[in-house]
Amino acid sequence: MSLILLAALALGVAGGVLLPEDASAFLDSASSVMLLALLFSVGIDMGRNKEVFARIKELGLKILLIPVGVAAGSLFGGAVTALLIHLPLREGMAISSGLGWYSLSGILLTEAGNPTGGAVSFLANVFREAITFVIVPFLAGHLNFYCAIAPAGATAMDTTLGVISKNTNSETAVLAFVSGVVCTLLVPVLVPLFL
Amino acid sequence: MGKIFLVLGLGFLIGYKGLLQEKGLRLNGRLQTAFLLLLIFCMGVSIGRNGEILRNLPLLGGKALLFAVFAILGSTLAVYCLSRLFLQKEGKK
């Protein structure tokens, strides 16, 4: 899937360079309607996570500390980065509140009229996922199992769940999945808050 | 921004209430992939139209890497503190 996404992106970039101005301007305006359709569809998927909501009740609200920590820490990291490279704080926090969900965060910033921020957000969250694969074993070994969930953000429910589960235990894998779902719910809410 | 929350919430309700049958959900999954790919394509178009982004790509990539590193550091630090404070008993190595 991620290869197909990258291919779509590359095709788009080529299209942006080659297509006549009015064609690409049309695509720009059509995409805001498509974004609403995408979010509607994402919303349907989110509402279906009933087992996860039940699981949270069962395990206790305490486990929400993990995704809350992930989100708060990411926002803090985004703010620090924005200060370091002289970007507006809000933009920095919008970028880091992608929580690893690179496709949606990139799209949201681009649609908000900031294609540069969209490109940075897309790349930043791709890098976040890539780094997660590498450092999960280290975090599981040197800090604690909860920390191995932290870098994954929203990806803990799918792409990076395997590496977390392999390096921790099955109980942590369940927590990771729940944390990933909660982070996934947070992304489309948090990113627009900072735009 | 209001529209974003409106469609998200509407979709959430439909999913939560189980208003869609198996077939509808499969269709929703396919449509989601299609919209996602189209939007990523459109994102590429707005990048490609913008010569400035293309010229600055290495710089933007460097900024993105910084964002990734600090978001990960912040998340890990926050989860570490919270887990030491509140989740001590469980999850020891």
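Within every chain, numbering begins at 1; the chains are lettered A, B, ... in the order of the sequence lines, protein sequences first and strands thereafter.
Per-residue counts of heavy-atom pairs under 4.5 Å with chain B were compared for A:Ala119, A:Ala14, A:Ser103; the largest is that of A:Ser103. Per-residue heavy-atom pair counts under 4.5 Å with chain B were compared for A:Met34, A:Glu129, A:Glu21, A:Met46, and the maximum is reached by A:Met34. Residue with the most contacts toward chain B among A:Ser41, A:Ala23, A:Gly69: A:Ser41 (heavy-atom pairs, distance under 4.5 Å). When the candidates A:Val120, A:Leu123, A:Thr110, A:Leu65 are compared by the number of heavy-atom contacts under 4.5 Å with chain B, A:Val120 comes out ahead. Chain A forms the most heavy-atom pairs under 4.5 Å with one residue out of B:Leu38, B:Ile40, B:Val69, and that residue is B:Ile40. In terms of heavy-atom pairs under 4.5 angstrom with chain B, the leader among A:Leu109, A:Leu104, A:Ile95 is A:Ile95. Looking only at heavy-atom pairs under 4.5 Å with chain B, the residue among A:Ser96, A:Ser97, A:Ser31, A:Gly15 that has the most is A:Ser31.
Using a 4.5 Å cut-off between heavy atoms, B:Leu25 contacts chain A through its side chain alone, with no backbone atom that close. Contact of A:Leu108 with chain B is made through the side chain alone, with heavy-atom distances under 4.5 Å. Residue B:Leu60 touches chain A through both its backbone and its side chain, counting heavy-atom pairs closer than 4.5 Å. For a residue to count as touching a neighbouring chain, one of its non-hydrogen atoms must lie under 4.5 Å from one of that chain's; by this rule A:Ile66 touches chain B with backbone and side chain alike. Residue A:Val189 touches chain B through both its backbone and its side chain, counting heavy-atom pairs closer than 4.5 Å. Contacts between A:Ile63 and chain B at a heavy-atom distance below 4.5 Å are absent for every atom of the residue. Both the backbone and the side chain of B:Asn28 come within contact range of chain A, each with at least one heavy atom under 4.5 Å from a heavy atom of that chain. Of the atoms belonging to A:Leu99, not a single heavy atom falls under 4.5 Å from chain B. Interface remark: B:Leu73 contributes no atoms to any contact with chain A (heavy atom separation under 4.5 Å). With a 4.5 angstrom heavy-atom cutoff, A:Leu18 does not touch chain B via any of its atoms.
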*Verdict with reasoning, A:Val13 to B:Leu54, per side-chain contact (heavy atoms from CB on, under 4.5 Å)*: CA-CA 9 Å; A:Val13 174; B:Leu54 285 183; 3.9 Å; yes
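Identified under the ring pair (Phe, Tyr, Trp, His ring centres under 6.0 Å) test for residues 59-82 of chain B, with sequence neighbours left out: none.
Think of B:Val45 as one node in a network of Ile, Leu, Val, Met, Phe, Trp and Tyr side chains linked at under 4.5 Å; its network also takes in A:Leu11, A:Leu19, A:Leu27, B:Phe41.
The hydrophobic clustering, which links ILVMFWY residues whose side-chain heavy atoms are closer than 4.5 Å, places A:Phe76 and B:Leu65 together. One hydrophobic cluster holds both A:Ile44 and B:Leu27 under the rule that ILVMFWY side chains link at heavy-atom gaps under 4.5 Å. One hydrophobic cluster, built from ILVMFWY side chains closer than 4.5 Å, holds both A:Leu61 and A:Leu59. By the criterion of side-chain heavy atoms lying less than 4.5 angstrom apart, applied directly or through intervening Ile, Leu, Val, Met, Phe, Trp or Tyr residues, A:Ile135 is not grouped with B:Leu77; the two fall into different hydrophobic clusters. In terms of hydrophobic clustering, with Ile, Leu, Val, Met, Phe, Trp and Tyr side chains grouped at heavy-atom distances under 4.5 Å, A:Leu75 and A:Leu89 are assigned to different clusters.
For B:Gln21, the CD atom sits in a loose shell: 12 or fewer heavy atoms of surrounding residues, nucleotides or ligands are nearer than 6.0 Å. Residue A:Phe194 places its CZ atom among more than 12 non-hydrogen atoms of other residues, nucleotides or ligands, all under 6.0 Å distant.
For the residue pair A:Val17 and B:Gly48, the shortest heavy atom distance occurs at CG2-O, 3.6 Å. The shortest non-hydrogen separation linking A:Lys50 to B:Tyr16 is NZ-O, 2.7 Å. Here the closest heavy-atom approach between residue A:Arg128 and residue B:Ala68 is recorded as N-CB, 3.7 Å. Pairing each heavy atom of A:Ala150 with each of B:Thr76, the nearest pair is CB-CA, 3.6 Å.
For the atom pair CG of A:Asp45 and CD of B:Gln32, the computed distance is 4.5 Å after rounding to the nearest 0.5 Å. We find the CG-CE distance between A:Leu35 and B:Met43 to be 12.0 Å, quoted to the nearest 0.5 Å. Between the CG atom of B:Leu39 and the CG atom of A:Leu9 there is a distance of 12.0 Å, given to the nearest 0.5 Å. Distance check: A:Ile107 CD1 to B:Ser46 OG gives 10.0 Å after rounding to the nearest 0.5 Å. How far CG of B:Leu66 is from CG of A:Leu84: 7.0 Å, rounded to the nearest 0.5 Å. One finds the SG atom of B:Cys42 at 9.0 Å from the CZ atom of A:Phe26 (value rounded to the nearest 0.5 Å).
Counting only distance, with no hydrogens or angles, the side chain of A:Lys62 and the backbone of B:Leu87 share no donor-acceptor pair below 3.5 Å.
Listed in order of number, the residues of residues 4-14 of chain B that approach chain A to under 4.5 Å between heavy atoms are B:Ile4, B:Phe5, B:Val7, B:Leu8, B:Leu10, B:Gly11, B:Phe12, B:Ile14.
Scanning for salt bridge (Lys or Arg N to Asp or Glu O under 4.0 Å) contacts around A:Asp158 gives an empty result, with sequence neighbours left out.
B:Thr33 places none of its side-chain heavy atoms less than 4.5 Å from the side chain of A:Ile4.
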